[in-house]
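Quick notes on the structure that follows.
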Amino acid sequence: MSFKSAMLEDLEVRGLIFQKTHDELDEALAEGPITLYCGFDPSADSLHIGNLLGICVLAHFRRHGHNPVALVGGATGLIGDPSGKSEERNQLSEEVLQKNLEGISNDLRKCLDRALEMHPETLGDVSRDEIPIVNNADWMKPWSFIEFLRDVGKSFRVNAMLAKDSVKTRLEEREQGLSYTEFSYMLIQAYDFLHLFKEHGCRLQVGGSDQWGNITAGTELIRRTTGDSAFGLTFPLITSASGQKLGKTEKGATYLNPDRNSPYEFYQYWVNREDADCERFLRMFTFMPHDEIDELASIIERGENRGDVQRRLAHEVTWLVHGKEEADKAVRASKMLFGEKIEGMTDRDLQSIFADVPSTSIERGRLESGIGILDLITETGLRGSKSDARRLVQDGGAYINNEKVDGLDHVVDTAQLASESMLVLRAGKKKYHVLAVE
RNA sequence: GGUGGGGUUCCCGAGCGGUCAAAGGGGCCAGACUGUAAAUCUGGUGGCUACGCCUUCGAAGGUUCGAAUCCUUCCCCCACCA
């Protein structure tokens, strides 16, 4: 398939087109910059990796010179989108919602701005204007129920609503059912589109493939009330090559907010992607030139990947979400946390690298006179008993500053500090503990 | 209420007088290999002042030089009968 617009061409290559409402979108995009939007659900105080694709799609549009608008669902968040949900959602209190709105607006703004500082070689002619972040509560709240039913509800056929996938699936699962509240959700999202169309000249809504029903409800409403046509475009639902949902780990979702998941954890999420996912993810989530991605892909194809491709991917995405400085730090921390000898560091460095690692402080005097390794391992809680600690050392699984402890009678003293006042103990491959003298 | 079977270490499960800190498997912990993956392989898996000692086999008593193993009582599970 060939496109007139560079924009759709690019999205196609990136694998980001799932469905679009009509092909005229291509012409519209070729003619010049258009305004488009994507909505984000305030179900938590931070977005997570599952939301990242929407951000990236907006960013791709922005880098092509179009004008994205981000919508946060201050109104819809009070209702709950039934799309793709098997059960009725818990309603959020106004207070929590407010906090969530601030959190995700913050995430959105940062990412969308950083998207412009990356890869100038693929950056088009763009506007540096601040991206509008709008809240649908601002225009939904003033409506009275009666007025909304008369003005907006009139344009919806229940038959059509019932036919939508999001509604149909829920009704078929009789156990769950669907509240009137959630059933009405699509009216609000449809009205959002109409509102943005009128007020911001917004002609395109993008979203995940599960949003198709809500998006087309919007384009229909615009056609009925104004006679104009607006567009919808969805991107595919992303799963890993092995079928895992994007962003999910054993511990749950990985969030964009550094207070929830540190930049290091975020970076690690991407480092741990399978080979088979790397090329796709590089295209979707980074702004690297395609020939550069081709090159990385060929490394994997030749079977020569030693994790470099993942590290490259991780650095790019971490930069987008947490900034370059944090991304670089995550790279350094990863080296330390995966075996590189720790020495000649400052307390500050160690503190930031091992921020999430448990630590114990100890009196300077005790360390000066030396502490047996077995005592140290039990006191720091790395092992629960001395017998257990003994086994660890015998197995060769005990490390100080990433150097293997040589024997059971090893004595630790101040000479082994890796920085002014800290040293790093390790049990096995991953379990770290920071010891600090006070 | 009656009869039969059973409660073993993190879990499952063998053991039925000394050779039992207790087979085997799972899990877990390490190590090797590797790319911070998976798989595989190796070792370990009650505690301690450690070639020895102490505490563990539902609970409490008892027999015995010696008990997870035998006896008594109690508690709890399961099956069948009423």
Discussion item. For a quick check, with a 4.0 angstrom heavy-atom cut-off, what is the B/S/- contact string for nucleotides 24-30 of chain B, read 5' to 3'?
Written reply: -----SS
Could you go over nucleotides 50-53 of chain B and give all protein N or O partners under 3.5 Å, atom names and distances?
residue	atom	partner	partner atom	Å
B/rA50	N6	A/Arg390	NE	3.3
B/rA50	N1	A/Arg390	NE	2.9

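For the C1' atoms, the distance linking B/rC41 with B/rA60 amounts to 48 Å, nearest Å. Across B/rC12 and B/rG6, the matching C1' atoms stand 15 Å from one another, rounded to whole Å. Between B/rU69 and B/rU56, the two C1' atoms lie 15 Å apart (nearest whole Å). Between B/rG58 and B/rU9, the two P atoms lie 8 Å apart (nearest whole Å). Rounded to whole Å, the C1' atom of B/rA23 lies 41 Å from the corresponding atom of B/rG1. Between B/rA68 and B/rA14, the distance separating the two C1' atoms is 12 Å to the nearest Å. The gap from the C1' atom of B/rA82 to that of B/rC10 amounts to 41 Å, rounded to the nearest Å. Separating the P atom of B/rG46 from that of B/rA39 is a span of 25 Å, rounded to the nearest Å.
A straight line from OH of A/Tyr269 to C1' of B/rU36 spans 16 Å, rounded to a whole angstrom. Rounded to whole Å, the distance from CD on A/Gln268 to P on B/rA37 is 10 Å. Following rounding to the nearest Å, A/Arg273 (CZ) and B/rA37 (C1') show an atom-to-atom distance of 10 Å. Distance CG (A/Asn305) to P (B/rU34): 16 Å, rounded to an integer number of Å. Note: CZ (A/Arg426) to P (B/rU36) measures 12 Å, nearest angstrom.
Base engagement by A/Asp275 is indicated by at least one non-hydrogen atom pair under 4.0 Å involving a base atom. Nucleic acid contact for A/Arg311: base, since at least one base atom lies under 4.0 Å from a heavy atom of the residue. Here A/Gln394 lies out of heavy-atom contact (under 4.0 Å) with every strand. Nucleic acid contact class of A/Glu274 (heavy atoms, under 4.0 Å, all strands): none.
Put simply, the side chain of A/Tyr432 gets close to the backbone of A/Leu337: a donor and an acceptor are under 3.5 Å apart. Listed for the A/Thr286 side chain is no donor-acceptor partner under 3.5 Å among the backbone atoms of A/Arg283.
A/Glu117 and A/Trp319 share a side-chain donor-acceptor pair at under 3.5 Å. In summary, the side chains of A/Gln211 and A/Gln205 do not present any donor paired with an acceptor at a separation below 3.5 Å, with no hydrogens or angles considered. If you check the side chains of A/Ser5 and A/Asp26, you find a donor sitting under 3.5 Å from an acceptor. For the 3.5 Å distance criterion, the side chains of A/Thr76 and A/Asn136 qualify, holding a donor opposite an acceptor. For A/Asp328 and A/His315, the side-chain atoms include at least one donor-acceptor pair closer than 3.5 Å. A/Ser298 and A/Arg302 are linked by a side-chain donor-acceptor pair at a separation below 3.5 angstrom, with hydrogens and angles left out of the test.
The base-pairing partner of B/rC80, taking Watson-Crick or G-U wobble contacts with both distances under 3.5 Å, is B/rG2. Under the Watson-Crick or G-U wobble criterion, with both distances below 3.5 Å, B/rU36 has no partner in any strand shown. The base-pairing partner of B/rA59, taking Watson-Crick or G-U wobble contacts with both distances under 3.5 Å, is B/rU73. Across all strands shown, B/rG31 is found opposite B/rC41 as a Watson-Crick or G-U wobble partner, with both distances under 3.5 Å. Checking B/rU19 for Watson-Crick or G-U wobble geometry (two distances, each under 3.5 Å) identifies no partner in any strand. Checking B/rC53 for Watson-Crick or G-U wobble geometry (two distances, each under 3.5 Å) identifies B/rG47 as its partner.
Under the 90° criterion around 0 for the glycosidic angle, B/rC57 counts as anti.
In terms of polar N and O atoms assigned as donor or acceptor, the side chain of A/Gln310 never comes within less than 3.5 Å of the base of B/rU36 in a complementary pairing.
Of the candidates B/rA32, B/rC48, B/rU36, B/rC48 carries the atom nearest the A/Ser385 side chain, counting heavy atoms from C-beta on.
Other residues, nucleotides and ligands contribute at most 12 non-hydrogen atoms within 6.0 Å of the CD atom of A/Glu325. Heavy-atom neighbours of A/Glu438 CD from other residues, nucleotides or ligands within 6.0 Å: above the threshold of 12.
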Practice prompt. Go through A/Phe287 and A/His60 one step at a time and tell me if the ring-ring contact (aromatic ring centres under 6.0 Å, His included) criterion holds.
Written response: CA-CA 8 Å; A/Phe287 311 108; A/His60 289 306; 5.1 Å; yes
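Across the interface with RNA chain B, nearest-nucleotide mapping of A/Gly307 and A/Lys404 shows A/Lys404 to be the residue nearer the 5′ end.
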